[in-house]
Amino acid sequence: MSKLIIAGAPLPNMPWEDRPAGCNAPLWRYSQNPVIPRDLLPDSNSIFNSAVVPFKDGFAGVFRCDDTNRRMALHVGFSQDGLHWDIRPEVLRFSCDNPEVGEWVYGYDPRVTFLDGKYWVSWCNGYHGPTIGLAWTTDFKVFHQVENAFLPYNRNGVLFPRKIGGRYAMLSRPSDTGHTAFGDIFYSESPDMEFWGHHRHVMAPAAFEVSAWQCMKIGAGPIPIETSEGWLLFYHGVLRSCNGYVYSFGSALLDLDQPWKVLARSGPYLLSPQTPYECMGDVPNVAFPCAALHDSATGRVAIYYGCADTVTGLAFGYLPEIIDWTKRTSIL
Ligand code: BMA
């Protein structure tokens, strides 16, 4: 294999911890997990499934903070090191020219990507059911909301960090009103971030006999990472056990020019709920990644993932190893 090329600026200040002695896995947890506790805000019940990006000389993020009324809300946060976060206590409210679109109902599971000079937020937005909301900011103070990308019901809307074939591109997961018991990942494109079409199927859940952790539904996680081997996508997969849903995550490689074509897909999970903070909380047994930081110079990656719908965890790895592992363990 020729040397792997990883897109993106070097990020020497990203959070990092070396692989622990004796660990051979492609991903390892931060020793101080959970990196964000549930009660970082005076009235937060839980802080999880959140998005983080490099911003100025540090990091910014959009965080899912459910309050002690158990209302789902988004909050902005800032950090110098990606580990210690100043999450603003006031809820994030989007500016929107159209009150029909901009009316806040609920929002959860945000992703953020830097694209064409703006930070774009996509989130699960309440509009007669869950759909994909979109907004942009340049300063993490004012957020401009645009039209919802899709009709309800849809979740896990994840933008690519650049145009593909001249169009904006997004993954999403059509769903239903509740705790959807099915779900495939689809690809859609747009000339203007308003009208979305050219929908393509990307991946279905795997067969139970082949890879059970991802056999009931799957959904895109962090913003895909561009490499010379394809787009590296971390995605969650769900197994329905006799005691409920179990959320783990794995990785896939998507074709650079036609990302609905899957090149490799991990059979084993990269991370499944195993620690107390992943197995205990408001929704036990959930590991749900929504953001990743990476350093193109060293290949380091740090994945932020929601744990048990309660707290936020961090896991580390090396992109070349993860790509190699994805290909080696592929079930395609
Ligand atoms: C999904 C979403 C996620 C959540 C997960 C597990 O449907 O609601 O926000 O983490 O269920 O409860």
Side-chain angles (χ1 to χ4, degrees), residues 29-30 32-52 61-75 77 85 87 91-92 105-112 121-126 129-130 132-133 153-158 173 175-183 213-214 216-222 234-250 269-292 303-315:
R29 294 170 176 81
Y30 179 41
Q32 303 302 306
N33 268 354
V35 62
I36 302 175
R38 66 186 304 166
D39 56 354
L40 197 60
L41 294 176
D43 67 347
S44 57
N45 167 76
S46 40
I47 305 178
F48 59 110
N49 300 6
S50 296
V52 164
V62 175
F63 294 84
R64 172 173 176 180
C65 304
D66 295 2
D67 69 14
T68 47
N69 289 16
R70 295 300 300 266
R71 293 173 297 199
M72 297 183 281
L74 303 177
H75 290 241
W85 285 91
I87 297 184
V91 294
L92 194 175
V105 181
Y106 57 77
Y108 61 92
D109 297 1
R111 275 70 163 186
V112 180
V121 188
S122 60
W123 72 99
C124 183
N125 188 34
I132 308 301
Y153 308 99
N154 206 319
R155 293 188 175 93
N156 297 302
V158 176
R173 214 280 309 283
S175 59
D176 64 12
T177 46
H179 300 293
T180 312
F182 60 89
W213 66 267
Q214 51 178 327
M216 196 190 85
K217 59 176 168 175
I218 54 174
F234 297 111
Y235 67 98
H236 67 260
V238 181
L239 164 80
R240 182 163 31 195
S241 81
C242 59
N243 281 326
Y245 291 177
V246 178
Y247 283 71
S248 309
F249 64 92
Y269 54 70
L270 274 170
L271 191 145
S272 82
Q274 297 180 7
T275 64
Y277 54 88
E278 293 159 351
C279 298
M280 285 185 280
D282 287 338
V283 183
N285 305 318
V286 180
F288 195 98
C290 288
I303 301 174
Y304 292 82
Y305 65 103
C307 307
D309 283 13
T310 304
V311 296
T312 302
L314 194 52

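Any value given below was found using the heavy atoms of this structure, including those in side chains, with hydrogens, waters and symmetry copies removed. None of these values were measured; they are calculated from a predicted model.
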Start with the C-alpha distance between Ile87 and Ile47, add both sets of side-chain angles, then the distance that settles side-chain contact (heavy atoms from CB on, under 4.5 Å), and finish with yes or no. CA-CA 10 Å; Ile87 297 184; Ile47 305 178; 4.0 Å; yes
Residue pair Tyr245, His179: steps toward the side-chain contact (heavy atoms from CB on, under 4.5 Å) verdict: CA-CA 10 Å; Tyr245 291 177; His179 300 293; 4.3 Å; yes
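Contacts of Cys124 classified as side chain to side chain contact (heavy atoms under 4.5 Å, CB included), with partners at least two apart in sequence or in another chain: Tyr108, Pro130, Arg155. Applying the side chain to side chain donor-acceptor pair (under 3.5 Å) criterion to Tyr30, with sequence neighbours excluded, gives no partner residue. Asp176 is linked by a salt bridge (charged side-chain N to carboxylate O under 4.0 Å, His left out) to nothing, counting only residues two or more places apart in sequence or in another chain. For Val91, the side chain to side chain contact (heavy atoms under 4.5 Å, CB included) partners two or more places apart in sequence, or in a different chain, are Ala73, His75, Arg93. Residues forming a side chain to side chain contact (heavy atoms under 4.5 Å, CB included) with Pro284 (at least two apart in sequence, or on another chain): none. With sequence neighbours excluded, the residues forming a salt bridge (charged side-chain N to carboxylate O under 4.0 Å, His left out) with Asp66 are Arg64, listed by chain and number. Residues passing the salt bridge (charged side-chain N to carboxylate O under 4.0 Å, His left out) test with Arg71, sequence neighbours excluded: Asp67. Partners of Phe48 according to the ring-ring contact (aromatic ring centres under 6.0 Å, His included) rule, which considers only residues two or more places apart in sequence or in another chain, do not exist here. When the side chain to side chain donor-acceptor pair (under 3.5 Å) test is applied to Asn156, the partners found at least two apart in sequence or on another chain are Arg111. In this view, Tyr304 satisfies the side chain to side chain donor-acceptor pair (under 3.5 Å) rule with no residue, not counting sequence neighbours. Checked against ring-ring contact (aromatic ring centres under 6.0 Å, His included), Tyr247 has the following partners two or more places apart in sequence or in another chain: His236, Phe288.
Of the inter-residue distances, the one linking Cys307 atom SG with Ile36 atom CD1 reads 10.0 Å to the nearest 0.5 angstrom. A distance of 7.5 Å separates CG in Asn49 from OG1 in Thr312, rounded to the nearest 0.5 Å. Note that OG1 of Thr310 is 11.5 Å distant from CG of Asp39, once rounded to the nearest 0.5 Å.
Tyr235 and Ala220 make their closest contact through CB-CA, 4.1 Å (heavy atoms, listed as atom of the first residue, atom of the second, distance). Contact record, Ser50 with Ala291: O-CB, 3.7 Å, taken as the closest heavy-atom pair. Of all the heavy atoms in Met280 and Ala308, the pair that sits closest is O-CB, 3.4 Å. What you find for Gly157 and Ser122 is that their closest heavy atoms are O-OG, 2.6 Å.
For the pair Trp123/Asp109, no side-chain contact is recorded, criterion being any heavy-atom separation below 4.5 Å from C-beta on. Inter-residue side-chain proximity for Leu314 and Asn33 is flagged as met; some heavy-atom pair is nearer than 4.5 Å. For the pair Ile303 and Phe234, the minimum side-chain heavy-atom distance is below 4.5 Å. Using a 4.5 Å heavy-atom cutoff, the side chains of Ser248 and Pro273 are in contact. Looking at Phe63 and Trp85, their side chains come closer than 4.5 Å, going by heavy atoms from C-beta outward.
With hydrogens and angles ignored, the 3.5 Å screen pairs a side-chain donor or acceptor of Asn154 with a backbone N or O of Arg173. Within the 3.5 Å criterion, the main-chain N or O of Gly244 finds a donor-acceptor partner in the side chain of Ser241. At distances below 3.5 Å, not a single donor-acceptor pair connects side-chain atoms of Lys217 with backbone N or O atoms of Gly237.
Within 6.0 Å of atom CG in Asn69, more than 12 heavy atoms from other residues, nucleotides or ligands are found, so the atom counts as buried in its surroundings.
Tyr269 and Gln214 share no donor-acceptor pair across their side chains, judged by distance under 3.5 Å alone.
Residue pairs meeting the salt bridge (charged side-chain N to carboxylate O under 4.0 Å, His left out) criterion with at least one member in residues 274-291, sequence neighbours excluded: Arg29-Glu278, Arg38-Asp282, Arg70-Asp282.
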